[in-house]
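Structure, as structure tokens:
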Amino acid sequence: GREMADWHWVFDIARRQISSTVQPSVFQRRVAAAKSIVQHFQLQDKLEYHEGCVNCLHFNENGTLLASGSDDLKVVLWDWQRKKPVVNYKSDHYSNIFQAKFMPLCCDRVVVSAARDGRVDCCRIKPLHTSSMFRIKAISWYCMVSW
């Protein structure tokens with residue numbers, strides 16, 4: 001949509017945090033890709049590991065880990081503050097990964113990915129010790145969509 005020239009997004013963010021005077025759906029429509037907000041973005045860091053285009057990013061519930069999925073068919077879980085991959089694995093996908101998400105209520109031990117191949121992979125991550133994890137099981141489902 002069209003962005004309102006006189007919209008003061010900083011005030012809407014503050015009002016949304018303090019009270020419920022701004023309805024979430026109205027706020028979301030105003031903020032989604034608002035040019036005045038996007039122009040304030042700056043590159044903070046680069047996380048380098050993937051060998052292909054990164055198509056998706058997803059933070060875990062407490063914001064300590066970041067999952068990324070790529071055209072290289074890998075899923076990487078990052079300790080983004082230290083700029084280090086904690087877990088990386090080649091998925092069972094055979095086409096570009098477009099979603100990689102931590103499943104809620106699973107203590108960051110289940111990651112689901114979806115790709116252009118129509119498959120959904122579920123990967124269970126098992127902690128070895130504090131900073132090392134590995135993939136122990138992957139389950140794939142084929143998704144069929146009919147119109």
Side-chain angles (χ1 to χ4, degrees), residues 1 3 7 9-145:
E3 184 175 357
W7 178 53
W9 56 271
V10 174
F11 298 116
D12 271 357
I13 290 173
R15 282 198 340 238
R16 184 168 182 254
Q17 294 292 60
I18 295 168
S19 70
S20 60
T21 59
V22 178
Q23 293 180 350
S25 60
V26 172
F27 180 79
Q28 185 176 6
R29 277 194 306 271
R30 285 183 181 173
V31 171
K35 186 177 178 182
S36 59
I37 292 177
V38 173
Q39 288 175 331
H40 284 81
F41 289 168
Q42 295 178 359
L43 178 64
Q44 183 175 345
D45 285 307
K46 283 186 179 182
L47 303 175
E48 297 185 26
Y49 187 87
H50 285 288
E51 297 168 2
C53 176
V54 173
N55 299 314
C56 58
L57 298 170
H58 184 253
F59 282 100
N60 65 346
E61 288 184 75
N62 62 12
T64 56
L65 293 174
L66 179 66
S68 60
S70 170
D71 288 355
D72 63 9
L73 310 182
K74 293 178 186 166
V75 174
V76 179
L77 307 184
W78 300 86
D79 177 338
W80 65 272
Q81 292 174 325
R82 291 186 0 205
K83 302 174 190 77
K84 303 262 186 221
V86 178
V87 175
N88 66 79
Y89 61 89
K90 184 164 179 354
S91 70
D92 290 335
H93 294 292
Y94 56 86
S95 192
N96 309 12
I97 297 173
F98 288 123
Q99 290 291 329
K101 304 239 180 209
F102 291 95
M103 292 303 294
L105 307 173
C106 292
C107 301
D108 302 328
R109 294 192 180 153
V110 178
V111 176
V112 174
S113 59
R116 185 176 182 187
D117 57 17
R119 295 172 64 147
V120 176
D121 282 1
C122 180
C123 182
R124 184 171 297 182
I125 310 294
K126 181 178 178 184
L128 208 48
H129 36 80
T130 13
S131 64
S132 179
M133 299 182 195
F134 66 96
R135 177 180 184 211
I136 62 168
K137 186 173 185 179
I139 304 166
S140 293
W141 298 285
Y142 287 98
C143 295
M144 306 280 277
V145 178

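Residue numbers count from 1 along this sequence. These values consider heavy atoms only, across backbone and side chains, with no hydrogens, waters or symmetry-generated copies. The structure displayed is predicted, hence computed values, not measured ones.
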| request: Using a 4.5 Å cut-off on heavy atoms from C-beta on, say whether the side chain of Asp108 contacts that of Ile125. | output: no

| Atom pair CG (Leu57) and CD (Gln99), whose distance is rounded to the nearest 0.5 Å | 10.0 Å

| query | Under 3.5 Å, is there a donor-acceptor pair between the side chain of Asp117 and the main chain of Tyr94? | reply | yes

| note | In short, Arg119 meets His93 closest at the heavy-atom pair O-CE1, 3.1 Å

| note | Taken to the nearest 0.5 Å, the spacing of Leu66 CG from Lys83 NZ works out to 13.0 Å

| field | Derivation and outcome, side-chain contact (heavy atoms from CB on, under 4.5 Å), residues Ile97 and Asn55 | value | CA-CA 7 Å; Ile97 297 173; Asn55 299 314; 5.6 Å; no

| note | dist Leu105:CG -> Glu61:CD (nearest 0.5 Å) comes out at 5.5 Å

| message | How long is the straight-line distance from CG of Leu65 back to CG of Asp79, given to the nearest 0.5 Å? | response | 7.0 Å

| request: Find the distance between CZ (Arg124) and CE (Met103) and round it off to the nearest 0.5 Å. | output: 11.5 Å

| task | Evaluate side-chain contact (heavy atoms from CB on, under 4.5 Å) for Trp80 paired with Asp45, printing each intermediate quantity in order. | result | CA-CA 9 Å; Trp80 65 272; Asp45 285 307; 5.7 Å; no

| field | Where Ser68 and His50 come nearest, the two heavy atoms and their spacing | value | OG-NE2, 2.7 Å

| query | Has the side chain of Ser91 got a donor or acceptor atom that lies under 3.5 Å from a matching backbone atom of Leu73? | reply | yes

| query | How many angstroms lie between CG in Asp71 and CZ in Phe98, if you round to the nearest 0.5 Å? | reply | 6.5 Å

| request: Quick one: closest heavy-atom pair of Ala100 and Cys56, and the distance? | output: N-SG, 3.4 Å

| note | Residues Phe102 and Phe59: closest non-hydrogen pair is CD1-C, 3.9 Å

| Taking all atoms of both residues into account, what is the closest heavy-atom pair of Ser95 and Ala115, and its distance? | O-CB, 3.4 Å

